[in-house]
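Accompanying notes for the structure given below.
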Amino acid sequence: SSFGVSLVTKANLGTSPISAIPYVLSLNFSPTLGNFTIIFSVFLIFLQLLILRKNFKLEHILQIPISIAFGYFIDFTMILLSFVNPQLYVVKIIYLILGCIVLGDVAMLPGESFVRAVSTTWKTDFGITKICFDVSMTVGAVIISFVCAGRLDGVREGTIIAALLVGFIARLLGRMLAFAKPYILKESLEPVATTDVATSNAVTVIAIG
């Protein structure tokens, strides 16, 4: 996922909506894109705590170490891709699409969890909530860019393309890999043997999980 963010960023056509605010901040201040991503991710986790309250579980806490690793790996992959500096527009589009393909295969945990927390708490449609979230991140990045630099920087057509393409690729890969679901869930689909059933009055129980 970090590699996907770096590919999209290196395309120099703007970054994905979830990374827009950290990217714009990294263009105007000394901390790196990875560092700002960690800070922003922890902020989203804190918002989840305020929204979910008693429903905030251990799985949400686990987002913190994952977010830290995610941020550092962004900086690491940006270094690995330091040689990438496309000049031709068509090459930039290629890098953007490659990054979207990678991001479509791996969801970014804090952003997706925040959207899920909002849609679950206030009973809103997940897809519509995700669109509103992406739009909010993009608008926020635009405002920060104008306030800090006095111009639009870091948000371009690639941001919109990434917002539309990543979700589409994720759904496409989900359909393509649907055949693997029975193999992945093989253990849970196998019937459970029962040993303590009374032979005189046996009852067959089918449990669907």
Side-chain angles (χ1 to χ4, degrees), residues 1-44 63 66-115 127 130-146 148-149 151-174 176:
S1 186
S2 302
F3 187 69
V5 170
S6 297
L7 280 173
V8 173
T9 304
K10 280 293 184 177
N12 200 26
L13 294 175
T15 188
S16 59
I18 186 65
S19 301
I21 290 178
Y23 181 50
V24 170
L25 289 173
S26 69
L27 294 176
N28 294 279
F29 300 99
S30 56
T32 63
L33 172 59
N35 291 334
F36 274 120
T37 298
I38 294 173
I39 296 170
F40 188 64
S41 297
V42 172
F43 174 69
L44 289 179
Q63 294 177 75
I66 294 175
S67 298
I68 294 174
F70 178 62
Y72 280 115
F73 270 105
I74 286 178
D75 287 341
F76 178 66
T77 51
M78 287 291 284
I79 294 173
L80 290 180
L81 295 173
S82 58
F83 66 93
V84 176
N85 187 26
Q87 301 299 320
L88 296 176
Y89 193 80
V90 64
V91 179
K92 293 181 179 182
I93 291 293
I94 291 174
Y95 276 106
L96 175 65
I97 293 175
L98 288 175
C100 289
I101 291 174
V102 176
L103 287 175
D105 190 43
V106 186
M108 282 177 281
L109 189 60
E112 297 294 331
S113 277
F114 175 78
V115 174
K130 181 68 166 62
I131 293 173
C132 294
F133 176 77
D134 288 344
V135 171
S136 300
M137 295 301 98
T138 304
V139 171
V142 170
I143 294 173
I144 292 173
S145 181
F146 276 110
C148 295
R151 65 181 188 276
L152 182 60
D153 197 8
V155 179
R156 288 183 53 182
E157 64 271 27
T159 305
I160 300 175
I161 294 174
L164 299 174
L165 201 56
V166 170
F168 171 76
I169 292 173
R171 290 191 295 270
L172 181 63
L173 288 174
M176 291 174 60

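Just so it is clear, the model here is predicted, and its values are computed rather than measured.
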Worksheet entry | side-chain hydrogen bond (donor to acceptor under 3.5 Å, both in side chains) partners of T37, counting only residues at least two apart |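 If we apply the side-chain hydrogen bond (donor to acceptor under 3.5 Å, both in side chains) test to T37, skipping adjacent residues, there are no hits.
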Worksheet item: What residues, two or more places apart in sequence or in another chain, satisfy side-chain hydrogen bond (donor to acceptor under 3.5 Å, both in side chains) together with T9?
Response: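 For T9, the residues satisfying side-chain hydrogen bond (donor to acceptor under 3.5 Å, both in side chains) (neighbours in sequence not counted) are T15.
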Nearest 0.5 Å, what's the [atom1]-[atom2] distance between [X] and [Y]?
| X | Y | atom1 | atom2 | result |
| --- | --- | --- | --- | --- |
| T138 | R156 | OG1 | CZ | 14.5 Å |
| T159 | D134 | OG1 | CG | 10.5 Å |
| I74 | F3 | CD1 | CZ | 12.5 Å |
| L96 | I101 | CG | CD1 | 10.0 Å |
| L25 | S145 | CG | OG | 10.0 Å |
| S1 | F70 | OG | CZ | 4.0 Å |

Worksheet entry | Qualifying side-chain hydrogen bond (donor to acceptor under 3.5 Å, both in side chains) pairs with a residue from residues 68-83, counting only residues at least two apart or across chains | S6-T77, T32-D75
Non-hydrogen atoms of [X] and [Y] that approach each other most closely:
| X | Y | answer |
| --- | --- | --- |
| S19 | V5 | OG-CG1, 3.7 Å |
| Q87 | K92 | O-CE, 3.9 Å |
| V155 | A141 | CG2-CB, 3.7 Å |
| Q63 | P110 | OE1-CA, 3.2 Å |

Item to complete: Give a yes or no on whether F40 atom CZ has more than 12 heavy-atom contacts from other residues, nucleotides or ligands under 6.0 Å away.
Response: yes
Item to complete: Report, as yes or no, whether the 6.0 Å neighbourhood of atom CZ on F43 holds more than 12 heavy atoms from other residues, nucleotides or ligands.
Response: no
Non-neighbouring partners of [X] that pass side-chain contact (heavy atoms from CB on, under 4.5 Å), sequence neighbours left out:
| X | answer |
| --- | --- |
| S26 | Y23, L33, F36 |
| C148 | N28, F29, I144 |
| L98 | L7, I94 |
| L88 | V90, V91 |

Fill in: Check against side-chain contact (heavy atoms from CB on, under 4.5 Å), I38 and S67
CA-CA 6 Å; I38 294 173; S67 298; 5.6 Å; no
Response to the item:
Sorted by chain and number, sequence neighbours left out, salt bridge (Lys or Arg N to Asp or Glu O under 4.0 Å) with K10 holds for none
Discussion item. Once ring-ring contact (aromatic ring centres under 6.0 Å, His included) is applied, do any residues pair with F133, and if so which ones, sequence neighbours excluded?
Written reply: F114
Discussion item. V8 and side-chain contact (heavy atoms from CB on, under 4.5 Å): which single residue from L13, L103, V102 fits?
Written reply: L103
